[in-house]
Amino acid sequence: MPDLSAVLAGRLQAAFDTLAPGADPVLRPSDRADFQANGALSLARRLGLPPTEIADAVVRAAQLDDVCERVEVSGPGFVNLFLSTSFVERSVREMAVDPALGVERTDAPERVVVTYSHPNVAKEMHVGHLRSTVIGDALCRMLEHLGHEVVRENHIGDWGTPFGMLIEHLVDVGEKTAIAELSVGDLTGFYQAARASFDGDDEFKDRSRRRVVLLQSGDPETLRMWSVLVQHSIVYFDEVYEKLGVLLTDDDVKGESFYNPMLPQVLKDLEAAGLLVEDAGALCVFPPGFTNREGDPLPLIVQKSDGGFGYAATDLACVRDRVDVVGATRMLYVVGAPQAQHLQMCFEVSRMAGWLPSRVSAVHVPFGSVLGADHRMLRTRAGTSVRLVDLLDEAVSRAASAIAERGRDADLTEEEQRLVARALGIGAVKYADLSTDRARDYVFDWERMLSFEGDTGPYLQYAHARIRSIFRRAESGTTGTDGFPREEDGRAASAIVVGTPEERALALSLLGYGAALHSAVDESSPSKLCAYLYALATTFTTFYEHCPVLRAPDEMTRSSRLALSETTARVLAEGLGLLGIESPERM
RNA sequence: GCCCCCGUAGCUCAGCGGAUAGAGCACCGGCCUCCGGAGCCGGGAGCGCAGGUUCGAGUCCUGCCGGGGGCGCCA
């Protein structure tokens with residue numbers, strides 16, 4: 001089922017094509033009508049005709065009889081479209097009986113590599129990783145849902161100079177102790193102890209430097225110890241992912257070390273392409289358009305003056321691997337905004353070297369910082385960055401007390417309450433993160449994100465649970481999964497009736513689901529989907545207040561409203577699911 | 001100094017070049033006390049500043065002001 005706006009856009013496009021082929025109808029939802037097409041105004045200049053004349057011509061040429069009850073030209077040349085009730089009823093019924101809820105899968109499936117999360121081995125995960133992980137996870141779910149093939153990559157920091165120090169620390173404390181610390185998640189302690197030795201002990205520092213060389217040269221014992229650090233850190237990361245409820249698994253781990261063997265070839269091919277320039281002892285590429293503090297060309301340093309490879313070399317190898325081996329047609333880098341310039345340079349150099357053909361897109365999906373109530377980077381009282389696990393545990397425990405206070409559903413077992421607390425707490429954190437524009441910083445506020453009122457995860461989850469409760473209250477077995485009463489119950493509900501303004505508003509809101517999802521994916525902006533779901537939930541509330549469902553005046557109205565309610569619940573559950581947020585049946 | 005992002009109501013945020021800039025919280029006034037108050041209805045209050053493009057600018061362009069970030073061997 002093509003979605004509503006697609007149907008209208010198609011009809012209008014045909015009309016516009018008769019006047020000026022390819023002219024954009026500029027179709028938008030409107031508060032003056034159901035939809036408004038503003039294309040006549042911009043076309044007026046091109047054609048040198050009065051806009052109202054063009055609008056009139058469009059209305060005459062457009063075949064809208066079966067979908068609109070009224071079409072008017074108003075103002076300077078707006079075309080206002082008022083959908084016919086029968087079309088709305090027909091469309092929303094199609095949606096209600098459609099397992100896919102009317103969402104069209106893409107007609108141009110791509111292989112999309114999404115790289116996100118990327119924690120560092122033997123280092124704590126903090127709120128910065130939260131954003132990347134949650135946003136990346138939502139993007140993967142949405143892309144897959146629309147029919148794209150998604151390859152998740154967790155580019156963990158598992159290579160480089162810090163490992164000399166970390167391995168020597170491992171040697172000093174013994175593997176048993178090290179493993180114990182890492183697996184309970186005391187990564188801060190481990191890393192800081194290593195750092196302290198490195199900074200305060202010259203002998204340790206020397207050993208560390210030698211250890212880096214051993215690691216680089218592939219010394220088996222060094223590699224074994226390195227692997228201990230990596231494996232046990234991954235165990236810990238998995239615990240965090242488990243708490244967070246994201247899709248990432250060990251199979252998605254493709255860390256810096258994976259690309260290490262490819263780095264000499266990167267250098268060699270850049271050299272062969274004539275792009276490599278030696279500058280101050282380092283081997284660099286100078287992509288055009290980037291300058292430094294002094295206004296001089298800014299280099300992407302591929303090989304440092306000490307002969308080691310920097311992260312630029314690794315990122316270039318990533319591009320090659322993703323294009324040549326993984327076969328990506330699109331790459332999304334869910335990486336913090338501060339990396340913008342670095343990534344632009346990497347992409348540019350990749351293009352110059354011919355590693356990133358024009359048919360493959362590489363997109364930085366940047367995000368802002370998480371701020372505390374003081375509008376500065378979120379920190380603990382001690383001034384250290386907040387551990388992600390602590391934050392998640394606090395979310396769940398705060399949600400648990402919120403539920404205990406409210407005591408919504410007394411029938412819940414302890415185990416069910418525990419699961420609900422988890423869904424609410426984690427959902428609240430995720431929703432708070434996903435619902436604001438990615439690019440902006442956002443203020444982390446427990447009170448607000450856990451509130452059952454306003455644009456929050458718990459509000460949407462509660463809205464969903466309340467709708468489900470309608471069905472529990474209705475006689476059991478009266479509805480099938482499509483929301484329509486079953487034939488065997490002797491009820492003749494096969495149609496949706498859109499009589500009241502509230503029913504109409506709800507129907508139109510439901511019909512906007514597909515468009516909202518597509519725009520969220522097109523713009524890599526989960527917040528678009530959040531905004532849609534919130535609007536749907538509030539529209540439902542108004543409907544629910546004004547239109548009795550179980551006590552509807554007649555059977556036909558009742559079954560129609562049940563179907564609208566059920567469809568709303570399904571959209572909420574599926575939409576939240578695509579954001580990585582659970583929707584408990586009861587809470 | 002240059003580059004990037006951001007400045008919208010008291011607070012937190014939406015706003016796709018289109019008509020009268022929307023929510024939530026907080027505040028004020030009504031209503032419901034009925035399917036789990038996610039209550040419902042109404043009210044006050046705002047686009048950092050100055051130019052420009054356009055029939056039309058919160059949205060695009062330029063310059064300021066303010067906040068954050070980046071700017072060669074950490075990743």
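Lettering of chains follows the sequences in order, A, B, ..., and the numbering in each one begins at 1. Everything numeric in this text was worked out from a predicted model, so none of it was measured.
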Heavy-atom closest pair (Leu529(A) atom, Ala520(A) atom, distance to 0.1 Å) is N-CB, 3.9 Å

Set of residues satisfying side-chain hydrogen bond (donor to acceptor under 3.5 Å, both in side chains) with respect to Asp441(A), sequence neighbours excluded:
none

Between C35(B), G37(B), C25(B), spot the one nearest the side chain of Arg551(A), thanks.
C35(B)

Any side-chain donor-acceptor pair under 3.5 Å between Asp158(A) and Ser257(A)?
yes

Sorted by chain and number, sequence neighbours left out, side chain to side chain contact (heavy atoms under 4.5 Å, CB included) with Val26(A) holds for Asp24(A), Arg28(A), Asn38(A)

Tell me whether Arg322(A) forms a cation-pi arrangement with Tyr333(A), defined as NZ or CZ under 6.0 Å from the six-membered ring centre and within 45 degrees of its axis.
yes

Under 3.5 Å, is there any donor-acceptor pair linking the side chain of Asp31(A) to the base of A21(B)?
no

Extract from the structure each pairing of a protein N or O with an N or O of nucleotides 16-18 of chain B at less than 3.5 Å, listing the distance.
from, atom 1, to, atom 2, distance (Å)
C16(B), O2', Arg28(A), NH1, 2.7
C16(B), O2, Arg28(A), NE, 2.5
C16(B), O2, Arg28(A), NH1, 3.3
C16(B), O2, Arg28(A), NH2, 3.4

Quick check on contacts: within residues 534-548 of chain A, what sits under 4.0 Å from RNA chain B by heavy-atom distance?
Tyr534(A), Phe540(A), Thr541(A), Thr542(A), Tyr544(A), Glu545(A), His546(A), Cys547(A), Pro548(A)

If a pair satisfies salt bridge (charged side-chain N to carboxylate O under 4.0 Å, His left out) and one of its residues is in residues 519-545 of chain A, list it, with sequence neighbours excluded.
Glu523(A)-Lys528(A)

Length of the line joining Met345(A):CE and C4(B):P, which is rounded to integer Å:
15 Å

Return the stems involving RNA chain B, sorted by first number, where pairs are Watson-Crick (N1-N3 with N6-O4 or O6-N4) or G-U wobble (N1-O2 and O6-N3), both under 3.5 Å, and runs are 3 or more long.
B:1-7 with B:65-71, B:10-13 with B:22-25, B:27-31 with B:39-43, B:48-52 with B:60-64

Residues forming a ring pair (Phe, Tyr, Trp, His ring centres under 6.0 Å) with Phe237(A), sequence neighbours excluded
none

Would you state whether a donor and an acceptor, one from the side chain of Ser74(A) and one from the base of A19(B), lie under 3.5 Å apart?
yes

Sequence neighbours excluded, the answer for ring pair (Phe, Tyr, Trp, His ring centres under 6.0 Å) partners of His364(A) is none

Residue pairs passing the side-chain hydrogen bond (donor to acceptor under 3.5 Å, both in side chains) test with at least one member in residues 304-316 of chain A, sequence neighbours excluded, are Tyr311(A)-His342(A), Asp315(A)-His342(A)

So, Tyr442(A) and Asp437(A): side-chain donor and acceptor under 3.5 Å apart, yes or no?
no

Using a heavy-atom distance cut-off of less than 4.0 Å, which residues of residues 513-525 of chain A contact RNA chain B?
none

Per-nucleotide protein contact string for nucleotides 7-13 of chain B (B base, S sugar-phosphate only, - none; heavy atom under 4.0 Å):
S----SS

Across nucleotides 69-75 of chain B, 5' to 3', mark each nucleotide with B, S or - according to how protein heavy atoms within less than 4.0 Å reach it.
SSBBBSB

